[in-house]
Every structure is written in C-alpha cells, then in structure tokens.
There are 2 protein chains.
Amino acid sequence: MRIEDEIKQPIFRDEHQKGHINLVYTAGWLQLRQATAFKPYGLTLPQFNILRILRGQHPLPATVALLIDRMLDKTSNASRIVDRLEEKQLVTRTVCPANRRAVDIRITAAGLDLLSRIEQDGIIDVSGLRHLSATEVQQLNALLDKIRTED
Amino acid sequence: MRIEDEIKQPIFRDEHQKGHINLVYTAGWLQLRQATAFKPYGLTLPQFNILRILRGQHPLPATVALLIDRMLDKTSNASRIVDRLEEKQLVTRTVCPANRRAVDIRITAAGLDLLSRIEQDGIIDVSGLRHLSATEVQQLNALLDKIRTED
DNA sequence: CAACATTAAATGTATGTACATAAATTTGCA
DNA sequence: TGCAAATTTATGTACATACATTTAATGTTG
C-alpha cells in the first residue's frame, strides 16, 4: 500500500517530505513485525539483538561498552536490557577480574539454546525485504547511506 | 558513512539483511536528529506530530481515534501524549456534546504560535533527505512501498 | 425496555529510549 | 605517594511504546 493511504494523508509538502515519512513509517513497520515474531519466545527486539552480539563473542565475554558499540540504537540503556536477560538466566554478569570497573557479560547455554530454537523455527531467515530483488536492495543501501551524509 | 562502519559489523548474512539493518538504523538516525531539533521548544517528536494533525483540523476538533488514525505509530498511546500537551496548555480537551464517549481535542492559540515559531526558525523545512535528488527520492519511495507489500 | 454487545477513551504494567548524574575503579602525573 | 581526571557501569527521571484491562456511553435486539 502507498504511504499516502497508510496514514491517510493525501498530500505531502514535497517528495522529500514524503520520503522521510515513508522511511520512518516503513522502519517501524519492519520492527513491529520482528517484535511480534520474537514475542512467543519471551524476547524483545533489543534483547534479541544483544543476545546475538553475545553469541558472536562467545565464549569470550562482552562488556557493556562493547554492546553499546555494536548496538543499532547507541543511546539505549544496555545495562537495563542486560538486567532483563540476566533475570531470565540467558546471560551472566561477573566483575571483570582484569579491570574491576568493567563487567563481563556472557551468554548462557540456555541463551544459546533459545537462539538456535528461534533460528530453527525460521524466524530470522525470513527477510523483511524479501519483496526486493538483489538490485533493488543495492539501490536501497546506496540511497540510505547517502541520506546519512554528514555536511 | 557506510552502514558497515556505523555499527562496526563488517559482514552481513546477505544484502537483504544489510538493507534491513540499514533501513532501521537510518530511520533512527533521522528521528534522533528531529527530536534534537524540537527539544529547545519543549516538544517531543510525537507531541509535535499530534500538534500538526490538530492544526490540520483546526478550527474543527479531533478525537483520539482520529489522531491514532493519522499517526505514524498506530500503537502508541495518543491519550497520554495529549495529556502532556494539555499540561503545557497547547491543546484543550472537552467532552464531545454529540457523543459523550468521545473527546474533542483542539489546538490552542499557544499551540498554533509554537508551531509557527518552529516553522519560522526553519526547523521543519530542512529536509532530512536533502542529499537525495528528486529522482533518488522517487526511487526510495517506490522501494519502501514495495517492502511493505503484503503477501 | 432490559440485557448485551460495541465503541471511545483512559488506565495499568512492563519495557525501551534519552539524557543527566552518581558510584566505583583505574590511570596519569605532579 | 597522593590526588585529580578519566573510564566504566549503574541509577534516576521523563517520556514513549506495546498491549491488556477498565470505565463510561451508546447501539442493538429480543
């Protein structure tokens, strides 16, 4: 459906404004679909993303600073997302012996199990962009990178 | 900067996954810039968007249902965003006489003033997509609409 | 008309986002 | 050594998101 119809706004100031709104709307649409897919597993999207970063490090630990560095949303509060994962025993937190300011965060066996279960159920592999061809995805990536050009 | 460098992830499963992450990341980037621009006026992005919908209706009132219909994020809680605007006396809430279940929401003179002040300061007219040409914006809109194709 | 369903908004609860501040530890340097 | 600065994480507060439930008013139907 065209963005005009999705939000029932027939006229935009210009195509640039329409593109801006379309971009934000589409990203929200994708994230809501993903969040819905993870709900049966008791995970939110940020929790899932952090679990995946931790699996990428495994068996090495990650610090909060490393998580923030890798997260899509740098301003979110990694400490509290790790809180939730720790309550569910999907990760462990131990003071880093080498630097006692830092905290070593590790994914547990239960966390690894949960991730493979989600993947076996085909939750991740279904791309949200499956309606785009390879060429179209490349165009999209180029346009998005261009949008973020700093002056 | 390329998305690979922004989130320090050199390899993606495929271009589709990269496009997905790029899309979500870029939308967040745009929204953070906008939110920062509105901060000096004491408005959040959802508050600003609701004020604009109300100005579009003015001098007619809007109901909460109408706001939800027009909002980008349908699942957000319009009642509470209106709470904040009412506290700041930028909108009024009165029970709709014709249907006492509904609530008539109207933008106040102060609300209209604030919007024009923001516009006079050029906050809105600076498009977040200014690095794209007209052709590129059209391409982007077509790609985004295609992503949201329902099966 | 009474009982029940529907509609409109508000409220409750858990989580996340944005940003400021605090607490603990380490580092660097006079 | 001692002490200020920097680093790392946690905490506090305001607001938003996601979704379930509640409250009140209106519609509907037997």
Side-chain angles (χ1 to χ4, degrees), chain A residues 24-25 27-51 61-69 71-88 90-105, chain B residues 24-25 27-51 61-69 71-88 90-105:
Chain A
V24 170
Y25 181 84
W29 184 88
L30 281 173
Q31 289 184 284
L32 186 55
R33 278 165 47 106
Q34 270 202 292
T36 304
F38 291 129
K39 182 153 307 180
Y41 303 92
L43 282 185
T44 65
L45 202 44
Q47 286 170 17
F48 173 76
N49 286 327
I50 283 194
L51 270 193
T63 62
V64 169
L66 182 143
L67 294 179
I68 292 171
D69 199 48
M71 280 168 72
L72 286 191
D73 194 335
K74 313 279 188 209
T75 69
S76 89
N77 202 322
S79 278
R80 280 188 273 234
I81 299 173
V82 172
D83 285 347
R84 310 276 137 66
L85 293 171
E86 198 182 15
E87 285 162 15
K88 287 183 269 207
L90 300 174
V91 309
T92 59
R93 249 201 282 229
T94 53
V95 171
C96 170
N99 177 352
R100 306 202 308 135
R101 284 173 303 191
V103 173
D104 282 343
I105 303 162
Chain B
V24 169
Y25 181 84
W29 185 88
L30 281 173
Q31 289 185 282
L32 186 55
R33 277 166 47 106
Q34 270 203 291
T36 304
F38 292 128
K39 182 153 308 178
Y41 303 91
L43 284 184
T44 64
L45 201 45
Q47 287 169 18
F48 172 76
N49 286 326
I50 282 194
L51 270 193
T63 61
V64 169
L66 184 143
L67 295 179
I68 293 171
D69 200 47
M71 282 168 69
L72 286 190
D73 194 336
K74 313 279 187 209
T75 68
S76 88
N77 202 324
S79 278
R80 278 187 276 233
I81 299 172
V82 172
D83 285 348
R84 309 276 138 65
L85 294 171
E86 198 183 14
E87 284 161 16
K88 286 182 270 207
L90 300 173
V91 308
T92 59
R93 249 200 281 228
T94 53
V95 171
C96 171
N99 178 352
R100 305 202 307 136
R101 282 172 303 190
V103 172
D104 282 343
I105 304 162

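All values derive from a computational prediction rather than experimental measurement. Only heavy atoms go into these numbers, but all of them, side chains included; no hydrogens, no water, no symmetry mates. Just so we're on the same page: letters track the sequence lines, and every chain starts at 1.
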| Strand contacts (DNA chain C) in residues 34-47 of chain A, 4.0 angstrom heavy-atom criterion |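 Heavy-atom contacts with DNA chain C come from A/Thr44, A/Pro46, A/Gln47.
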| said: Any residue in residues 90-99 of chain B with a heavy atom nearer than 4.0 angstrom to DNA chain C? Just list them by number, or reply none. | reply: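 Residues of residues 90-99 of chain B that come under 4.0 Å of DNA chain C are, in numerical order, B/Arg93.
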| said: Please find the pair of heavy atoms, one from A/Leu67 and one from A/Ile105, that lie closest to each other, and give the distance. | reply: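 Result for this residue pair: CD1-CD1, 3.9 Å.
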| said: Show the nearest heavy-atom pair for residues B/Met71 and B/Lys74, with the distance to one decimal. | reply: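 Heavy-atom minimum between the residues: O-NZ, 3.2 Å.
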Output the rounded distance in Å from [atom1] ([X]) to [atom2] ([N]).
X: A/Arg84; N: D/dA10; atom1: CZ; atom2: P; result: 13 Å
X: A/Glu86; N: D/dA10; atom1: CD; atom2: P; result: 9 Å
X: A/Asp83; N: D/dT11; atom1: CG; atom2: P; result: 7 Å
X: A/Gln31; N: D/dT17; atom1: CD; atom2: P; result: 12 Å
X: B/Leu32; N: D/dA16; atom1: CG; atom2: C1'; result: 14 Å
X: A/Trp29; N: D/dA18; atom1: CH2; atom2: C1'; result: 18 Å

Under 4.0 Å between any heavy atoms, over every strand shown, what does [X] touch: base, sugar-phosphate, or nothing? Just pick one.
X: B/Arg80; value: base
X: B/Ser79; value: base
X: B/Asp73; value: sugar-phosphate
X: B/Ser76; value: sugar-phosphate

| Is there a residue in residues 62-69 of chain B whose heavy atoms reach under 4.0 Å of DNA chain D, and which residues are they? |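 Per residue number, the list is empty: none.
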| About how many Å separate CG of B/Leu90 and CD1 of B/Ile50, when rounded to the nearest 0.5 Å? |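 Going from the CD1 atom of B/Ile50 to the CG atom of B/Leu90 covers 12.0 Å.
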| Side-chain donor/acceptor of B/Asp69 to backbone N/O of B/Ala65, under 3.5 Å |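 Side chain of B/Asp69 to backbone of B/Ala65, a donor-acceptor pair under 3.5 Å: no, none is there.
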| Start at the 5' end of DNA chain D and walk down; is the nucleotide closest to B/Ile81 or to A/Asp104 reached first? |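 By nearest-heavy-atom nucleotide position, the 5'-most residue is A/Asp104.
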| task | Tell me, please, which residues at least two apart from B/Phe48 pass ring pair (Phe, Tyr, Trp, His ring centres under 6.0 Å). | result |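 In terms of ring pair (Phe, Tyr, Trp, His ring centres under 6.0 Å), with neighbours along the sequence ignored, B/Phe48 is linked to B/Phe38.
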| field | 4.5 Å side-chain heavy-atom contact, B/Val24 and A/Gln31 | value |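 Yes, side chains in contact.
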| field | Results of side chain to side chain donor-acceptor pair (under 3.5 Å) for A/Thr75 - residues two or more places apart only | value |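 By the side chain to side chain donor-acceptor pair (under 3.5 Å) rule, A/Thr75 matches A/Asp73.
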| message | Of all nucleotides in DNA chain C that come within under 4.0 Å of a heavy atom of chain A, which is furthest toward the 5' end and which toward the 3' end? | response |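 The footprint of chain A covers C/dT15 to C/dT26.
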| task | Report the residues that fulfil side chain to side chain contact (heavy atoms under 4.5 Å, CB included) with A/Asp83, sequence neighbours left out, ordered by chain and then residue number. | result |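 For A/Asp83, the residues satisfying side chain to side chain contact (heavy atoms under 4.5 Å, CB included) (neighbours in sequence not counted) are A/Arg80, A/Arg93.
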| field | Counterpart residues, side chain to side chain contact (heavy atoms under 4.5 Å, CB included), relative to A/Gln47 (two or more places apart) | value |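 Residues passing side chain to side chain contact (heavy atoms under 4.5 Å, CB included) with A/Gln47: A/Leu43, A/Thr44, A/Ile81, A/Arg84, A/Leu85, A/Lys88.
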Show me the donor-acceptor pairs within less than 3.5 Å that the side chains of residues 97-104 of chain B make with the rest of the protein, sequence neighbours left out.
{"unit_1": "B/Asn99", "atom_1": "OD1", "unit_2": "B/Arg101", "atom_2": "N", "d": "3.1"}
{"unit_1": "B/Asn99", "atom_1": "OD1", "unit_2": "B/Arg101", "atom_2": "NE", "d": "3.3"}

Report each atom pair, protein N/O against N/O of nucleotides 22-24 of chain D, whose distance is under 3.5 angstrom.
none

